[in-house]
**Student:** 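What follows is a structure written as C-alpha cells; I'll ask about it next.
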Amino acid sequence: MTEQIERHLRDVFSQEAERAPAVGSLAVTVVKRVRRRRRLRLAGTTSVAVAAVVAVAVFGGLSLRPDPGTSGRNIEALVPAASPSRLSAPGTPSRSSDRSGVLPDAAADCPTIDVAWVAARAKFAFDGTISAVVPQAVTSGHVVPSHATVTFTVNEWFRGGSGHTATVTMSSPVERRDSEDSDEWGPSYAVGTRLLVSGTALSGSWGNTPLAGVCGLTRYHDQQTAAAWREAISGR
Amino acid sequence: MTFEEYVAQRGQALLRLAYVLAGDSHLAEDLAQTALMDAYRHWRKVEAADDQDAYVRRILVNAHLSWYRRRSSRERPTEVQPVPGVEADLADAVVARDQTRQLLAGLAPKARTMLVLRYYADLDDAAIAKLMGLSPSTVRASASRALAALRDGGVQGAMEETR
C-alpha cells in the first residue's frame with residue numbers, strides 16, 4: 001500500500017514540476033539584483049557619513065535657544081495620524097468580462113470533465129455565488145499559497161447539502177484576461193463570482209472543508225450547464 | 001565553471017524543485033532567485049564544494065521554510081489555459097492528483113518538504129537529513145508520519161477511484 005502511495009507521489013510531483021516557469025534570463029536577473037543591492041548598501045553608507053559631517057559643520061558652533069512661546073508645553077510633532085490599515089478588497093471580476101466554461105487552475109492538467117463524470121462521482125454539487133475568499137488557506141498554523149477557503153451563498157443544491165451557505169477549499173485564483181480581446185486582467189474568481197461547484201471529497205486535510213474539484217468539476221455558471229447539472233446530478 | 005554556466009545547466013532543475021516545493025510560480029521564481037543570489041555572493045565557496053547542487057539546494061530549502069515562518073505576501077499565480085479533450089481515465093487521474101495536492105498542501109511545511117526531497121529530488125534520508133539539519137532517524141519518522149497522514153486522508157481511496 002505504501003509503495004502505491006510512493007509511486008503516486010512521484011507521479012504527482014513529476015506532473016507539478018512540468019508546470020514550473022522557464023528559467024529565462026535567471027542568471028542575468030540574479031547578478032543584476034546582487035549588484036544593485038551592493039550599490040544601494042554602498043550609497044546608504046556614504047549618505048550617513050556625509051550627513052554626519054554636515055551636521056557637525058552646521059550645528060557644531062551654535063547654541064540652542066528655547067522658543068518663549070512654547071516653554072513649559074510639550075510640543076507634539078505634527079505627524080498626520082496614520083490612516084487605518086485597509087484590508088485590500090478582494091478583486092471583483094470585471095463587468096465587461098465574458099467568463100464562461102471551466103474555471104482555470106494554475107496547477108492542474110485541465111481536460112474538461114463532462115457532466116456525466118460529475119454526475120457519477122460528485123459527492124456534492126451546487127450553484128453558488130462567492131461571498132468570501134480567504135486567499136491563503138491556513139491549517140495547523142501554516143499558510144498554503146496554492147489553496148483558498150471560499151464561502152458561497154448557495155443558489156441551488158444539486159447534491160450533498162441543503163444550507164444557505166457552503167464553504168469549500170479551492171485552488172487559489174489565477175490571473176486571467178477577461179477575454180481574448182481584452183487587455184484587462186483579473187482574478188479567475190472573487191467575491192460576487194457565480195460558479196457551479198462540485199467535488200468528490202467531502203472533507204479535506206483541514207477543517208473538514210470539502211475540496212472543490214478542478215477542470216470542469218468547478219466552472220463559471222451559465223444557464224445551459226446549470227440545467228444539465230440539474231438534470232444529470234439531482235435528477236430534476 | 002562560472003555562475004552563469006551553472007545557472008544555464010542547473011537553473012531549470014532548481015526552478016522545478018522550487019515550484020514543487022512552493023506550489024506557486026511567482027513564489028518558485030522568488031525562491032530560486034533567493035537561492036541563486038546567495039550562491040552568486042558566495043560563488044567561490046559553491047564552486048569549491050564537493051556537491052554544488054546540494055549546496056544551492058540547501059539554500060533553496062531553507063529559504064522555502066523561512067518563507068512559511070515569515071508568512072510573506074502571496075504572489076499571484078500565473079494563468080494556465082485549459083486543454084480541451086478528455087477521457088474518463090484521465091479525468092479520474094486529474095481528480096486523484098488534485099486531491100493529493102490538497103492533502104500535501106495540508107501537511108506541515110517540513111514534512112511536505114521531506115516528501116518532495118524524497119519522491120521528487122530522489123534524495124536518500126541521509127542526504128535529506130544533512131540538507132535540513134536533522135538526524136536521519138527524524139527524517140525517517142517524519143516522512144513515515146506524513147505518508148500515514150496522506151493514507152488516512154484518503155490518497156489510497158483517491159487512487160482506487162481512478163481504477
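Chain identifiers are assigned alphabetically (A, B, ...) following the order of the sequence lines, protein sequences preceding nucleic acid strands; residue numbering begins at 1 within each chain. The figures that follow rest on heavy atoms only: side chains count, while hydrogens, waters and symmetry mates do not.
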**Student:** How long is the span from the CD1 atom in A/Ile5 to the OG1 atom in B/Thr100, to the nearest 0.5 Å?
**Tutor:**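 Going from the CD1 atom of A/Ile5 to the OG1 atom of B/Thr100 covers 9.0 Å.
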**Student:** How far apart are the C-alpha atoms of B/Tyr19 and A/Glu18, what are their side-chain angles, what is the distance that settles it, and do they pass the side-chain contact (heavy atoms from CB on, under 4.5 Å) test?
**Tutor:** CA-CA 9 Å; B/Tyr19 184 77; A/Glu18 291 301 311; over 6 Å; no
**Student:** So which residues of residues 3-14 of chain B are in contact with chain A at a heavy-atom cut-off of under 4.5 Å?
**Tutor:**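 Hits under 4.5 Å: B/Phe3, B/Glu4, B/Val7, B/Gly11, B/Gln12.
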**Student:** Is the count of non-hydrogen atoms from other residues, nucleotides or ligands lying under 6.0 Å from B/Glu47 atom CD greater than 12?
**Tutor:**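 Yes, enclosed.
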**Student:** Is it the side chain or the backbone of A/Arg38 that comes within 4.5 Å of chain B heavy atoms, both, or neither?
**Tutor:**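 Side chain only.
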**Student:** Quick test of your reading: applying salt bridge (Lys or Arg N to Asp or Glu O under 4.0 Å), list the pairs with at least one residue in residues 130-140 of chain B, sequence neighbours left out, ordered by first then second residue.
**Tutor:**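 Listed once each, the pairs would be none.
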**Student:** Is there a side-chain contact between A/Phe13 and B/Arg118, using heavy atoms and a 4.5 Å cut-off?
**Tutor:**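 No, every pair of side-chain atoms sits at 4.5 Å or beyond.
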**Student:** Got a second to check how far A/Arg35's CZ is from B/Tyr40's OH, nearest 0.5 Å?
**Tutor:**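 One gets 4.0 Å once the value is rounded to the nearest 0.5 Å.
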**Student:** Step by step, work out the salt bridge (charged side-chain N to carboxylate O under 4.0 Å, His left out) result for A/Glu16 and B/Arg16.
**Tutor:** CA-CA 8 Å; A/Glu16 291 269 290; B/Arg16 286 185 171 173; over 6 Å; no
**Student:** Does atom CZ of A/Arg10 have more than 12 heavy-atom neighbours from other groups under 6.0 Å away?
**Tutor:**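 Result for CZ/A/Arg10: enclosed.
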**Student:** Answer with side chain, backbone, both or neither: which region of A/Ala116 has an atom nearer than 4.5 Å to a non-hydrogen atom of chain B?
**Tutor:**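 The answer is neither part of A/Ala116.
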**Student:** Can you say whether B/Ala39 sits under 4.5 Å from chain A via the side chain, the backbone, both, or neither, judging by heavy atoms?
**Tutor:**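 For B/Ala39, no heavy atom lies under 4.5 Å from chain A.
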**Student:** What part of A/Val31 lies closer than 4.5 angstrom to a heavy atom of chain B: side chain, backbone, both or neither?
**Tutor:**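 For A/Val31, the contact with chain B is made by backbone and side chain together.
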